[in-house]
Amino acid sequence: KIGFTRADELYLLGDYVDRGPDSKGVIDHILLLRAQGYTVHCLRGNHEELVVGASVTMNGLEQWAKTDGRPTFESFGVDAARDIPKSYLDFMFRLPSYMLVDEYILVHAGLDFDLPDPLSEEKEMTWIRNWHLKIRPAWLGERIIVHGHTPVGCDITEAMLAQLSTHKYLDIDTGCVFAGRLDRPWLGSLCAFNMTSRTLVFQENVE
């Protein structure tokens, strides 16, 4: 739908693992696109952070390893995060927490506006929620924050886009992984935002 070509730049906002049956395949596809000459920029999500952290210590991550982590391990053919091949762990470890692209701040989860400099705390950028009402317009200026992490319906993302010039943020996580969930029927699509034309493209999960 987006007609991705080698003349474009694609920015992915994180959570390539733990969000489906083939985490390894997702990373492999990203690396394949790069090898084929496509420009793909990747941010770190909280799930990459979980995998990297679990490769060092499992303290407090036992439940995650049994739920979201288990399909990820299985996709790599291993029993624990520490056994994931080093090249994949290095890929996840090196992912940046945010990117500045023209007038946009791209981040996985959001920014902590309780801090003097919201770009100084990387941990919050992958985990924070419920931060929009704390935005400081004087700090943000004309920049716009594009993020994921907190799933919303497509209609909510469209409403955010309509108010982009005043509210200065856009959540493009429309919960593709949660397709078919009876408790959240409004989710189940993948969303792309064209930063040049300021338009949205949605693809319903068909798998």
Side-chain angles (χ1 to χ4, degrees), residues 1-16 19-20 26-48 91-92 94-113 117-119 122 124-126 128-129 131-133 135-177 179 186-206:
K1 283 190 174 183
I2 65 175
F4 185 43
T5 73
R6 290 176 176 84
D8 300 312
E9 293 191 49
L10 180 65
Y11 295 84
L12 304 177
L13 302 187
D15 283 1
Y16 319 112
R19 284 294 176 252
V26 173
I27 297 176
D28 284 340
H29 190 65
I30 291 169
L31 298 177
L32 176 62
L33 286 172
R34 288 178 172 178
Q36 292 175 338
Y38 292 90
T39 302
V40 184
H41 304 280
C42 299
L43 289 176
R44 181 191 308 153
N46 59 304
H47 285 271
E48 286 77 48
F91 168 82
M92 290 182 267
R94 291 171 181 165
L95 294 172
S97 297
Y98 72 94
M99 290 184 184
L100 305 178
V101 183
D102 299 325
E103 70 269 38
Y104 299 100
I105 301 175
L106 308 182
V107 64
H108 176 67
L111 299 177
D112 185 354
F113 282 91
D117 179 7
L119 294 177
E122 293 189 355
E124 293 297 336
M125 294 179 195
T126 56
I128 197 170
R129 299 189 196 273
W131 52 272
H132 301 98
L133 295 180
I135 288 176
R136 300 199 310 271
W139 181 90
L140 191 59
E142 295 304 311
R143 294 178 293 183
I144 293 167
I145 302 168
V146 182
H147 71 94
H149 185 58
T150 300
V152 296
C154 297
D155 58 330
I156 300 298
T157 297
E158 290 175 322
M160 289 181 181
L161 178 63
Q163 299 175 319
L164 200 59
S165 61
T166 54
H167 288 191
K168 303 292 185 180
Y169 60 82
L170 183 67
D171 183 349
I172 61 170
D173 184 346
T174 48
C176 185
V177 68
W186 55 88
L187 301 178
S189 294
L190 190 66
C191 176
F193 174 56
N194 187 318
M195 293 189 286
T196 303
S197 64
R198 293 196 176 182
T199 54
L200 296 168
V201 177
F202 297 102
Q203 170 59 54
E204 185 179 352
N205 188 328
V206 295

Atom of [X], atom of [Y] and distance for their closest heavy-atom approach:
X: Gly45; Y: Glu48; value: N-OE1, 2.7 Å
X: His147; Y: Gly110; value: CB-N, 4.4 Å
X: Tyr16; Y: Leu43; value: OH-O, 2.8 Å

Heavy-atom side-chain contact between [X] and [Y] under 4.5 Å:
X: Val201; Y: Cys191; value: no
X: Arg19; Y: Val26; value: no
X: Thr196; Y: Asp102; value: no
X: Arg44; Y: Arg94; value: no
X: Asp117; Y: Trp139; value: yes
X: Asp15; Y: Asp173; value: no
X: Ile105; Y: Leu100; value: yes

| When the aromatic ring centroids of Trp131 and His149 are compared, is their separation below 6.0 Å? | no

| Check: His108 ring centre within less than 6.0 Å of His47 ring centre | no

Quick one: [atom1] on [X] to [atom2] on [Y], what's the gap to the nearest 0.5 Å?
X: Ile172; Y: Leu13; atom1: CD1; atom2: CG; answer: 4.5 Å
X: Leu33; Y: Arg6; atom1: CG; atom2: CZ; answer: 9.0 Å
X: Leu170; Y: Met195; atom1: CG; atom2: CE; answer: 11.0 Å
X: Leu119; Y: Tyr98; atom1: CG; atom2: OH; answer: 4.5 Å
X: Leu10; Y: Cys42; atom1: CG; atom2: SG; answer: 8.0 Å
X: Phe202; Y: Lys1; atom1: CZ; atom2: NZ; answer: 9.5 Å

| Among His29, Arg34, Glu9, side-chain contact (heavy atoms from CB on, under 4.5 Å) partner for Val40 | Arg34

| message | My understanding is that only one of Asn46, Leu111, Asp112, Thr150 makes a side-chain contact (heavy atoms from CB on, under 4.5 Å) with Ile128; could you say which? | response | Asp112

| For Asp8, all residues meeting salt bridge (charged side-chain N to carboxylate O under 4.0 Å, His left out), sequence neighbours excluded | none

| query | Would the number of heavy atoms belonging to other residues, nucleotides or ligands and lying under 6.0 Å from CD of Gln36 be above 12? | reply | yes

| So, the side chain of Glu103 versus the backbone of Ile144: is there a donor-acceptor pair under 3.5 Å, distance only? | no

| field | Expected output: side-chain Asn194 to main-chain Thr199 donor-acceptor under 3.5 Å | value | no

| task | Apply side chain to side chain contact (heavy atoms under 4.5 Å, CB included) to the pair Tyr11 and Val146, showing each step before the final yes or no. | result | CA-CA 11 Å; Tyr11 295 84; Val146 182; over 6 Å; no

| Glu122: what forms a side-chain hydrogen bond (donor to acceptor under 3.5 Å, both in side chains) with it, not counting sequence neighbours? | Ser97

Show me the donor-acceptor pairs within less than 3.5 Å that the side chains of residues 154-165 make with the rest of the protein, sequence neighbours left out.
from, atom 1, to, atom 2, distance (Å)
Thr157, OG1, Asp171, O, 2.8
Gln163, OE1, His167, ND1, 3.3

| message | Parallel, tilted or perpendicular, judged at 30° and 60°: which one describes the rings of Phe193 and Tyr104? | response | perpendicular

